[in-house]
Amino acid sequence: MSTRLAHTGRLLTKARQIAFTFNGKHLTGFEGDTLASALLANDQMLVGRSFKYHRPRGIIASGAEEPNALVGLGTGASFEPNQRATTTALFDGLAAASQNHWPSLDFDVGAINNRLARFFPAGFYYKTFMAPRAAWKHLFEPIVRHSAGLGKAPRDRDADTYEHFYAFTDVLVIGGGVAGLQAALAAGRAGAQVLLLEQTPHYGGRAPVDGGKINDLPVDKFVEQIVAELETMPNVTLRLRCMGAGVYDHGYVLGYEQLSDHTPGIPGPRHRLWKIRAKQVITATGAIERPLSFAGNDVPGVMLAASVRDYAVNYGVSVGDRTVVVTNNDDAYRTAITLKTLGLEVPVILDARTKGGGDLMVQARALGVRVETGKGIAKVLGTKRVTGVAICTQAGEGAVLEEIACDAVAMSGGWSPVVHLWSHCGGKLIWDAAQAMFRPDVDKAPTGASGEAFVLAAGTANGALSLGAVLSDADAAGKAAATATGHKPKSDSAPQGETPAEALIEPVWMMPQGAGVKLRMKSWLDFQNDVKVSDVQLAAQEGYESVEHTKRYTTLGMATDQGKLSNINGLATLARALNADIPAVGTTTFRPPYTPISMGAIAGEARGEIFQPLRRSPMHAWHEENGAYWEPVGHWRRPYCYPRSGETHADAVAREVNQTRASLGLLDASTLGKIIVKGPDAGRFLDMLYTNMMSTLAVGKCRYGLMCSENGFLSDDGVVARIDDDTWLCHTTTGGADRIHAHMEEWLQTEWWDWQVYTANVTEQYAQIAVVGPNGRKLLEKLGGMDVSRETLPFMTWADGALAGIGCRIYRISFSGELSYEIAVPASQGRALWDKLLAAGQEFGITPYGTEALHVMRAEKGFIMIGDETDGTVIPQDLGLNWAISKKKSDYLGKRAQERSHMADPNRWKLVGLETVDGSVLPDGAYAVAEGVNDNGQKATQGRVTSTYHSPTLGKGIAMGLVLHGPDRMGEVLDFPRIDGSVAQARIVDPVFFDKDGEKQNV
Amino acid sequence: MKRYSAFAIAREAARYHSGWGRAWAAPQPKAKYDAIIVGAGGHGLATAYYLGKNFGITNVAVLEKGWLGGGNTGRNTTIIRSNYLQDASAAIYEKARSLYETMSQDLNYNVMFSPRGVIMLAQTHHEVRGYQRTAHANALQGVETQYIGPDKVKELVPIINIDGPRYPVLGGLWQPRGGTARHDAVAWGYARACSDMGMDIIQQCEVTGVRRDGDRVIGVDTTKGAIDCDKLGLVVAGHSGVLAEKAGFRLPIESLALQALVSEPIKPCMDVVVMANTVHGYMSQSDKGEMVIGGGTDGFNNYTQRGSFHHVEETVRALIETFPMISRLKMLRQWGGIVDMTGDRSPILSKTPVDGIFVNCGWGTGGFKAIPGSGWAMAELMAKGHSPLAAEFSLNRFAEGRFIDESVAAGVAH
């Protein structure tokens, strides 16, 4: 059984006991424990069930590579599924629950899949569940879905907050092991700005566990000294619990800092996402030990050899009393030596190499440990817990030589450098046959905009395995990064690391090498996703030969650990099956993030109200106080109408329209886009932008203009005012302001970069209020300060002045067909003017109106609305707007496009008015059907509704639409099928329903 | 070819699956084919499949520079729907969707088409009107869709937040027979069926040149030597422009990286596919339990199939607003695929200036759902010189201004 040892535990504070629960069971651990070490200390070896076969699984690793020990953590709004126990710090009150089993972890019905595993090889689901057809959706898929998944879905809104942090640095060091620390020191001493990220709560990585000396000091002491020096350096920043998550183009790196996962409940954000721009990135990310592929390598109690050592040294936990060590390299001997030194039993070390190891083997033997070379494990005995191993000859087929009782197995298949971050942005790998590993190809590093490499790998992550090599490699990397960022490194030498003589690894991709199919079906490659050696071999047999095919066919490496343990073993197995070299098979692509990061951290602060900050006009508060029913328009919110008590929205809209037409209405038009275009070439520029001629517009005058895309489609409209000789003010639609401003800048910056034109989007600088209705002039005269008479301020002109003492500009423009003044004032004066207008307008029954009344009034007048009459496929000619297209200009954006054959086709649908035969309102978006069907059997159509309203002015439904030959078919009745199958009939009429001669606006 | 069935699995289990043969052969190229398809993605393989199945043309090679199904077929978010606005789009996507319904049985390969339903959320009044229009259009096009209110949205997607402070859900366009399929299986199933018809699927075979006799194609040069053909179909998505250049003409295509990501797997919590175009994001839950999330394209042209971060951030942000519970899930991996965008965001299925060369490209961000329909139409076009489904998608529409623009209905993703 696994238990707590009395005298070790370098990361523990044994004076602080911590209470936690696992599946409701009350347990205790110490401060400094991970959830995994605390579970092991309580002999909780079984921690979860695998994805496919629901096999019992135990903790296999001690770090981020753990595939099995995933738990649900917390409750309610703090619940989080799939948390790795090996990287979860223990805290008081931690509540963890194992996953993917029913009814319990110990007795899981889903384990029936394990009994049937023979029928469920890789990709079996592609070959069955096909009949009857409906059974996939209604029977098989629900079963598959239910048995898949891992943790439970969170239900509640997240109770925590998150933040983003931005950092710029010369040198970013990812990893705070001895390599990362030494690289940071070398770069820091050279004067470079250095940021170092370490994902765990401790510096030093695994070197302190592995032992040896640096500059004749114990590793722990060296780490202490180097951290102390780094902490005094003002140009160096160190962060613990902060993982380098992803490396992107141009030195952009994501850091993922866990601020309060280990101390839940403290104020402040839970995670912080660092967005880092680094000139040079050093990946000192260490290496991950590989499992060996023997039958039963997934039985709880089988663990990576170095992890067994970690638990013993760091957490004072023995995984078992009797631990069999199985290896193909020297490093695992350290585990045997550590265990033996702590007084635990190591019945045997099985070294698959016929010649065994180097100095460490000698040491182990000296401690009295039995070492068998050329031997391996035929299979592990036990189901929910290791009870023993059957030993065989590695060179054979698995004939059992001997069974040895044990309660733990420490396995080592060699080490794989963590090359993820190196690879994210295109760094290439080479196969190092001597060390049996993929390591960074230093000649093919990720390159930045200049074409120069911006990522360096250092230490074990660069393939240097011995302490001495790690330190000199890291020192060199730190100095190189400093040099690359314009600093001069010191000429000091790297610290000296103790380097015992080790024998070379011998790759072992299957144990024993001639294992039969029954053993291969129990040899796990991907523990979480239940991919076995036999599965990869089946994929190769069936022609899924590319490593990507094999990955996808078997799901190898697609689990939450993203193949940290399985990828190299899997592709080596594939290479053997294909009789190919490992480098020829290659790796799958490494994708960010290194380990999963919370969605909350990705989103950061922007959630709820500030997800996309709302834009408010200066009169927003008044609208709110006066019961506005809001309509989102772009990032603004505009009043749709102002319903009074007892009124429906339709009632309110009708009242607002009637009162405006009869006397006086008031509209907050502040959201309309306002873009200043200025400069000697501004007129010429606007002539290119608009279909109309804007350069000839006289100062003081206004003109309605149309803008098209280069494909000729109408994209925006609005009134342009000429302010002075070289200044124009362009009004855009509310939703179009930012888009049109960007459109202007794109043309200016890419095409007409030599024109002297400046643009400024001043939408928010001005409040704009439309005073609309027959009594509009009287109201302004009452406020006083400007001559707003027909003679001085005629239709389509503007004037500067002051109304009621507030400096303003008044535009005589109308979107309602009424006498209308649009008054622009500085935003800070908007509310004051609005209040004065309201107060002075009482005697005229002044009525604020919203967007719907605006829409109804414009439709009554036959004015088009961008987004209603246009949808990106409509040209001005379709809408009868030929009058707004200059015939004099040689060019404008969209002109050439509009000359193409289909654009000039007389059969394009054209704008008309539509009136239902029975006075009802036509359904929005309905189509007018024609006889027959088209080539694809779809019902033929001949037109569609673009806007439809009830007109309070006319007391009936009115609509606008686009109809084939529409303007030539006045009076014809068309059929518009409704969704419910009934048909609305509507007559084609003139689109101007009200005041056809414009007598009301031009007074 | 050995038929796949539960019985076959049981039989093979008895002998430890030693009897399964290759899903598709690995032949060397012949000197000449009646037709060569460049690109063994879903669209290319489907084209080959229907050339054989519908027109009996089986002397066909499909050339692939990498591994089959390794481009956008294996990188997309597997959404299948046909609720398009424009007639031409609705026709080809609905054809594709209907072929997905029976694809597993047709190919004897379970592609796991799951008609779990697709909702496109309306979160502005403008979107409400747009989807009402689409519902009207779909009714006439024979596409089964329905405009639904927020209560029905909530009923279909219990984890959704319908009254968020910023963009409350006002309704949605619901296509009950839309859904998802297993993307790799679509490529593999077609490859197996094509191979079974005697076609040659040749992987690791890059086309390095197109050989012409005047205005007529006569073959291609490849990294495995020259191969002759009578007809050549270019079906290479993001690299269409590169190949067209080798053939001597240009295509109105821009290549952009489209970003996607998945969460860690969790137990089933969302049965339907949800697309939220106002906030730019879409999400479904795979059969493995991962939340599959797609967003927008990078704002710059490139060919690197890498993830970039800014779109992921925007997409996740948007989806947390829509589905607050995902905040405590974790992103497992992100990736990018190169999408081929045309000026009107609709595909090109067309003859070309070179006699005998046909192109099938420009599917942009939404090609997966079209695979069978695209292959069906492309095969007809190559075999007969005309296909009603493809007619509107010809290259000359750009010269004529006959755009098929879905932007009003499709927004971010289609």
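All of these numbers come straight from a predicted model, not from anything done at the bench. So you know, we letter chains A, B, ... as the sequences are listed, proteins then strands, and number each from 1.
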Residue part contacting chain A, namely of [X], when any heavy atom lies under 4.5 Å:
{"X": "B:Ile293", "result": "side chain"}
{"X": "B:Arg397", "result": "neither"}
{"X": "B:Val128", "result": "neither"}
{"X": "B:Tyr147", "result": "neither"}
{"X": "B:Ile159", "result": "neither"}
{"X": "B:Glu264", "result": "both"}
{"X": "B:Ser263", "result": "both"}
{"X": "B:Leu170", "result": "neither"}
{"X": "B:Ala399", "result": "backbone"}
{"X": "B:Ala318", "result": "both"}
{"X": "B:Glu290", "result": "side chain"}
{"X": "B:His310", "result": "neither"}

Non-hydrogen side-chain atoms of [X] and [Y] separated by less than 4.5 Å:
{"X": "A:Pro592", "Y": "B:Gln334", "value": "yes"}
{"X": "B:Trp67", "Y": "A:Glu545", "value": "no"}
{"X": "A:Asp158", "Y": "B:Pro324", "value": "no"}
{"X": "B:Arg166", "Y": "A:Glu609", "value": "no"}
{"X": "B:Ser327", "Y": "A:Tyr162", "value": "yes"}
{"X": "B:His125", "Y": "A:Glu631", "value": "yes"}
{"X": "A:Thr560", "Y": "B:Pro265", "value": "yes"}
{"X": "A:Gln562", "Y": "B:Arg333", "value": "yes"}

Measuring centre to centre across the rings, with the benzene-like ring taken for any Trp, is A:His902 within less than 6.0 Å of B:Phe403?
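That pair fails the under 6.0 Å test.
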Using the ring centroid of each side chain, check whether B:Trp24 and A:His549 are separated by less than 6.0 Å.
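Judged by ring-centre distance (under 6.0 Å), B:Trp24 and A:His549 do meet the cut-off.
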Show, in sequence, the C-alpha distance, side-chain angles and deciding distance for A:Met130 and B:Met103, and conclude whether the side chain to side chain contact (heavy atoms under 4.5 Å, CB included) test is met.
CA-CA 10 Å; A:Met130 287 180 273; B:Met103 189 183 288; over 6 Å; no
Any donor-acceptor N/O pair, [X] side chain to [Y] backbone, under 3.5 Å:
{"X": "A:Gln541", "Y": "B:Ser18", "value": "yes"}
{"X": "A:Arg145", "Y": "B:Gln285", "value": "yes"}
{"X": "A:Arg118", "Y": "B:Ala13", "value": "yes"}

Do NZ/NE/NH1/NH2 and the carboxylate oxygens of B:Glu101 and A:Lys137 come within less than 4.0 Å?
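No, this pair does not count.
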Answer yes or no: is there an ion pair linking A:Asp156 with B:Arg328, defined by an N-O contact shorter than 4.0 Å?
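Answer for the salt bridge query: no.
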Separation between [atom1] of [X] and [atom2] of [Y], rounded to the nearest 0.5 Å:
{"X": "A:Arg944", "Y": "B:Leu85", "atom1": "CZ", "atom2": "CG", "value": "7.5 Å"}
{"X": "B:Ile266", "Y": "A:Glu80", "atom1": "CD1", "atom2": "CD", "value": "11.5 Å"}
{"X": "A:Ile979", "Y": "B:Asn138", "atom1": "CD1", "atom2": "CG", "value": "8.0 Å"}
{"X": "A:Met521", "Y": "B:His17", "atom1": "CE", "atom2": "NE2", "value": "5.5 Å"}
{"X": "B:Asp184", "Y": "A:Arg552", "atom1": "CG", "atom2": "CZ", "value": "4.5 Å"}
{"X": "B:Asp344", "Y": "A:Thr873", "atom1": "CG", "atom2": "OG1", "value": "11.0 Å"}

Non-hydrogen atoms of chain B under 4.5 Å away: do they reach the side chain of [X], the backbone, both or neither?
{"X": "A:Leu70", "answer": "neither"}
{"X": "A:Val517", "answer": "side chain"}
{"X": "A:Met558", "answer": "both"}
{"X": "A:Pro613", "answer": "backbone"}

Exercise: identify the closest heavy-atom pair between B:Met325 and A:Ala153
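Here B:Met325 and A:Ala153 meet closest at CE-CB, 3.8 Å.
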For a quick test of reading the model, state the closest non-hydrogen atom pair linking B:Asp405 to A:Gly872 and the distance between them.
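Smallest interatomic distance, heavy atoms only, reads OD2-O, 3.8 Å.
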Could you walk me through whether B:Glu392 and A:Asp935 pass the side chain to side chain contact (heavy atoms under 4.5 Å, CB included) check?
CA-CA 11 Å; B:Glu392 295 284 317; A:Asp935 283 352; over 6 Å; no
Establish, from distance only, whether the side-chain atoms of [X] and [Y] form a donor-acceptor pair under 3.5 Å.
{"X": "A:Tyr927", "Y": "B:Arg133", "result": "yes"}
{"X": "A:Asn936", "Y": "B:Lys95", "result": "no"}
{"X": "B:Ser114", "Y": "A:Glu141", "result": "yes"}
{"X": "B:Lys330", "Y": "A:Gln83", "result": "yes"}

Give the table of side-chain donor-acceptor pairs shorter than 3.5 Å for residues 106-113 of chain B, with sequence neighbours excluded, one pair per line with atom names and distance.
{"from": "B:Asp106", "atom 1": "OD2", "to": "B:Thr102", "atom 2": "OG1", "distance (Å)": "3.0"}
{"from": "B:Asn108", "atom 1": "OD1", "to": "B:Tyr4", "atom 2": "N", "distance (Å)": "2.7"}
{"from": "B:Asn108", "atom 1": "OD1", "to": "B:Arg192", "atom 2": "NH2", "distance (Å)": "3.1"}
{"from": "B:Asn108", "atom 1": "ND2", "to": "B:Tyr4", "atom 2": "O", "distance (Å)": "2.9"}
{"from": "B:Tyr109", "atom 1": "OH", "to": "A:Tyr544", "atom 2": "OH", "distance (Å)": "2.6"}
{"from": "B:Asn110", "atom 1": "OD1", "to": "B:Ser104", "atom 2": "OG", "distance (Å)": "3.4"}
{"from": "B:Asn110", "atom 1": "OD1", "to": "B:Met112", "atom 2": "N", "distance (Å)": "2.8"}
{"from": "B:Asn110", "atom 1": "ND2", "to": "A:Tyr125", "atom 2": "O", "distance (Å)": "3.2"}
{"from": "B:Asn110", "atom 1": "ND2", "to": "A:Thr128", "atom 2": "O", "distance (Å)": "2.9"}

Does B:Glu64 have any salt bridge (Lys or Arg N to Asp or Glu O under 4.0 Å) partners at least two apart in sequence or in another chain, and if so, which?
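Per chain and number, B:Glu64 pairs via salt bridge (Lys or Arg N to Asp or Glu O under 4.0 Å) with no residue.
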Would you sort out whether A:Glu605 and B:Arg317 count as a salt bridge (Lys or Arg N to Asp or Glu O under 4.0 Å), showing the intermediate values?
CA-CA 9 Å; A:Glu605 301 93 336; B:Arg317 192 171 274 173; 5.6 Å; no
Between chain B and each of A:Gln898, A:Gln99, A:Lys518, count heavy-atom pairs under 4.5 Å; write down the option with the most.
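Result: the option with the highest number of such pairs is A:Lys518.
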I'd like to verify something: which residue of A:Gln537, A:Arg978, A:His164, A:Arg520 has the highest number of heavy-atom pairs under 4.5 Å with chain B?
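So the answer, after comparing A:Gln537, A:Arg978, A:His164, A:Arg520, is A:His164.
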Checking B:Arg402 against A:Asp905 for the salt bridge (Lys or Arg N to Asp or Glu O under 4.0 Å) test, could you report, in this order, the C-alpha distance in whole Å, the side-chain angles of both residues, the deciding distance, and whether it holds?
CA-CA 10 Å; B:Arg402 202 169 26 76; A:Asp905 187 346; over 6 Å; no
Should the ring pair A:Tyr248 and B:Phe309 be called parallel, tilted or perpendicular, given that the plane angle runs from 0 to 90° and is split at 30 and 60?
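A:Tyr248 and B:Phe309: tilted rings.
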